[in-house]
Chemist: 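Sharing a structure here in structure tokens format.
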Amino acid sequence: MPQVFDFKHCLSFLTRSPREALHVCDGDRVVKLIRSDSGHVLFEVSEKNKGALHVQLLNSTPTAKVRASVESYIREWFDLDTDITPFYALASRDRHLKELVKKYHGYRIVGHPDLFESLVWAVIGQQINLGFAYTLKQRFVEQFGERLHVNGAAYYLFPDPVVVAELDPEFLYPLQFSRQKSKYTVGIAQAFASGELSKEKLKAMSLQEAKEMLMKIKGIGNWTANYALMKTFHFPDAFPLEDAGLHNALKQKLKLDRKPTLAEVMKVFRKYKGWEAYATLYLWKTI
DNA sequence: CGCCAGGTTAGAG
DNA sequence: CTCTAACATGGC
């Protein structure tokens with residue numbers, strides 16, 4: 001466990017929507033279903049002592065192999081392998097972020113280890129409010145994702161791209177996906193199904209290369225690509241420059257009576273070169 | 001009712 | 001290259 005980690009801040013992010021379909025928060029714990037080489041694994045994460053996570057497997061024999069895959073999932077999920085102290089050094093000298101990093105000390109990128117999920121979630125969230133985005137995701141997951149019942153509760157996996165690739169985009173209209181989003185979602189799934197796109201491929205690339213590869217796909221622009229690179233690969237310099245939430249946070253921080261221009265956004269971010277993703281993450285906390 | 005939401009694309013100028 | 005309409009719908 002890294003020195004600088006606060007589970008409670010991450011948990012509070014995980015509970016931000018009552019319509020979240022991909023994990024269940026219950027007080028101080030979160031329960032999640034994942035796919036592993038040894039089948040579906042349902043696990044619970046809580047905090048034992050401050051900074052020490054406690055993991056319990058709920059549906060499978062805790063073999064060494066299963067334990068290892070759950071641990072590696074959690075390390076990715078909470079971005080535990082990134083040393084964020086250089087970011088804090090920059091932020092503590094910046095009047096705009098100084099208080100934020102103090103208040104949310106130990107908060108990390110709560111990511112999406114599943115790249116397909118990351119991209120589709122970003123597409124769903126384009127140009128609509130977050131509440132409605134969660135409604136769309138819930139419908140999509142409940143209709144097309146695998147489900148596991150344990151002790152009367154239902155847990156879902158994010159839909160498999162192989163399944164989604166076979167859908168006619170029209171099947172998504174009843175979920176209230178726009179025509180554009182329906183087409184993009186199926187198109188992204190097809191890129192995975194055909195092997196054109198995969199997490200392994202992007203993992204080997206630089207930020208710039210990965211971004212270019214993603215942006216060749218219809219529906220993935222600069223914002224979506226950076227969002228996914230931040231959430232799935234934890235590129236600390238991924239920067240969703242066009243993000244409306246970020247703009248609103250800066251409007252408040254800079255005491256503007258309008259949204260900042262892109263130039264003004266970039267000016268604030270000049271001092272966070274290499275840490276744009278974390279600066280964005282903390283600014284999102286203000287809205 | 002009007003405007004903005006964790007934007008992107010195609011098409012026009 | 002830059003500018004704009006269209007996209008669907010919820011929340012304030």
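Quick note on labels: first sequence line is chain A, next is B, and so on, each numbered from 1. Not measured: the values here are computed from a predicted model. Both backbone and side-chain heavy atoms feed into the values below; hydrogens, waters and symmetry mates do not.
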Chemist: Is there a residue in residues 260-269 of chain A whose heavy atoms reach under 4.0 Å of DNA chain C, and which residues are they?
Modeler: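 When residues 260-269 of chain A is checked for heavy atoms under 4.0 Å from DNA chain C, there are no hits whatsoever.
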Chemist: In the single-linkage hydrophobic clustering (I, L, V, M, F, W, Y; side-chain heavy atoms under 4.5 Å), do A:Val24 and A:Leu11 co-cluster?
Modeler: no
Chemist: What about A:Trp121 and A:Phe116, are their ring centers closer than 6.0 Å?
Modeler: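 Aromatic pair excluded; centres sit 6.0 Å or further apart.
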Chemist: With a 4.5 Å limit on heavy-atom distance, are the side chains of A:Phe177 and A:Arg139 in contact?
Modeler: no
Chemist: Can you confirm whether more than 12 heavy atoms, excluding those of A:Asp168, are under 6.0 Å from its CG atom?
Modeler: yes
Chemist: Starting from P on C:dC3, measure out to CD on A:Glu242 and report it in whole angstrom.
Modeler: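 For the pair A:Glu242 CD and C:dC3 P, the rounded distance is 15 Å.
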Chemist: Classify the ring geometry of A:Tyr272 against A:Phe269: parallel below 30°, tilted from 30° to 60°, perpendicular beyond 60°.
Modeler: perpendicular
Chemist: What I want to find out is whether A:Lys199 reaches A:Glu76 closely enough, with some N-O distance under 4.0 Å, to be called a salt bridge.
Modeler: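 A salt bridge is present here (some side-chain N lies under 4.0 Å from a carboxylate O).
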Chemist: How long is the line joining NZ of A:Lys251 and C1' of B:dC3, in whole Å?
Modeler: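 One finds 12 Å between C1' of B:dC3 and NZ of A:Lys251, rounded.
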Chemist: Check for me whether A:Lys218 meets the cation-pi criterion with A:Tyr184, that is, NZ or CZ under 6.0 Å from the six-membered ring centre and within 45 degrees of the ring axis.
Modeler: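 Geometry flag: not set, cation outside 6.0 Å or 45°.
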Chemist: How close or far is atom P of B:dC4 from atom CZ of A:Arg258, stated in whole angstroms?
Modeler: 14 Å
Chemist: Spell out, as yes or no, whether a donor-acceptor pair under 3.5 Å connects the side chain of A:Asp26 to the backbone of A:Arg29.
Modeler: no
Chemist: Check the distance between B:dT8's C1' and A:Asp243's CG and give it to me in whole angstrom.
Modeler: 14 Å
Chemist: Under the rule for salt bridge (charged side-chain N to carboxylate O under 4.0 Å, His left out), what residues qualify as partners of A:Glu242, not counting sequence neighbours?
Modeler: none
Chemist: In whole Å, I'd like the distance from the CG atom of A:Leu130 to the P atom of B:dC4.
Modeler: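 Taking CG of A:Leu130 and P of B:dC4, I get 18 Å after rounding.
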Chemist: Would A:Glu20 and A:Lys137 pass as an ion pair if we require N to O under 4.0 Å?
Modeler: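 Here A:Glu20 pairs with A:Lys137 in a salt bridge, since their nearest N and O are under 4.0 Å apart.
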Chemist: Are any of the side-chain heavy atoms of A:Lys181 and A:Ile128 separated by less than 4.5 Å?
Modeler: yes
Chemist: What I want to check is whether the side chains of A:Tyr278 and A:Asp79 have a donor and an acceptor closer together than 3.5 Å.
Modeler: yes
Chemist: At 4.0 Å (heavy atoms only), tell me whether A:Lys259 reaches a base, stays on the sugar-phosphate, or touches nothing.
Modeler: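 Answer is sugar-phosphate: A:Lys259 comes under 4.0 Å of backbone atoms only.
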Chemist: Nearest whole angstrom, please: distance from the C1' of B:dA5 to the OH of A:Tyr134.
Modeler: 15 Å
Chemist: Only Watson-Crick and G-U wobble pairs with both distances less than 3.5 Å should count. Give DNA chain C in dot-bracket notation, marking inter-strand partners with |.
Modeler: |||||||.||||
Chemist: Calculate the interatomic distance between A:Phe239 atom CZ and B:dG7 atom P; express it in whole Å.
Modeler: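 About 14 Å, once rounded to whole Å.
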Chemist: Please write out the pairs of protein N or O atoms and N or O atoms of nucleotides 10-12 of chain C separated by less than 3.5 Å, giving the distance to one decimal.
Modeler:
from, atom 1, to, atom 2, distance (Å)
C:dG10, N3, A:Asn129, ND2, 3.1

Chemist: Within residues 95-126 of chain A, find the residues that approach DNA chain B with a heavy atom at under 4.0 Å, and present them sorted by residue number.
Modeler: A:Gly125, A:Gln126
Chemist: With heavy-atom distances below 4.5 Å as the criterion, would you say the side chains of A:Val164 and A:Phe158 are in contact?
Modeler: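 SC-SC contact between A:Val164 and A:Phe158 ruled out.
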Chemist: So that I can tick it off, tell me whether A:Glu212 and A:Lys216 are bridged by a salt bridge, with the cut-off set at under 4.0 angstrom between side-chain N and carboxylate O.
Modeler: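 Salt bridge flag = no for A:Glu212 with A:Lys216.
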Chemist: Any carboxylate oxygen within less than 4.0 angstrom of a Lys/Arg side-chain nitrogen, looking at A:Glu44 and A:Lys32?
Modeler: no
Chemist: Look at A:Glu99 together with A:Lys253 and state whether they make a salt bridge at an N to O cut-off of under 4.0 Å.
Modeler: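 Salt bridge between A:Glu99 and A:Lys253, a charged N being under 4.0 Å from a carboxylate O: no.
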Chemist: Rounded to the Å, how far apart are A:Gln180 CD and B:dT9 C1'?
Modeler: 6 Å
Chemist: When you measure from every atom of DNA chain B, which of residues 214-225 of chain A have a heavy atom less than 4.0 Å away?
Modeler: A:Ile217, A:Lys218, A:Gly219, A:Ile220, A:Gly221, A:Asn222, A:Trp223, A:Thr224
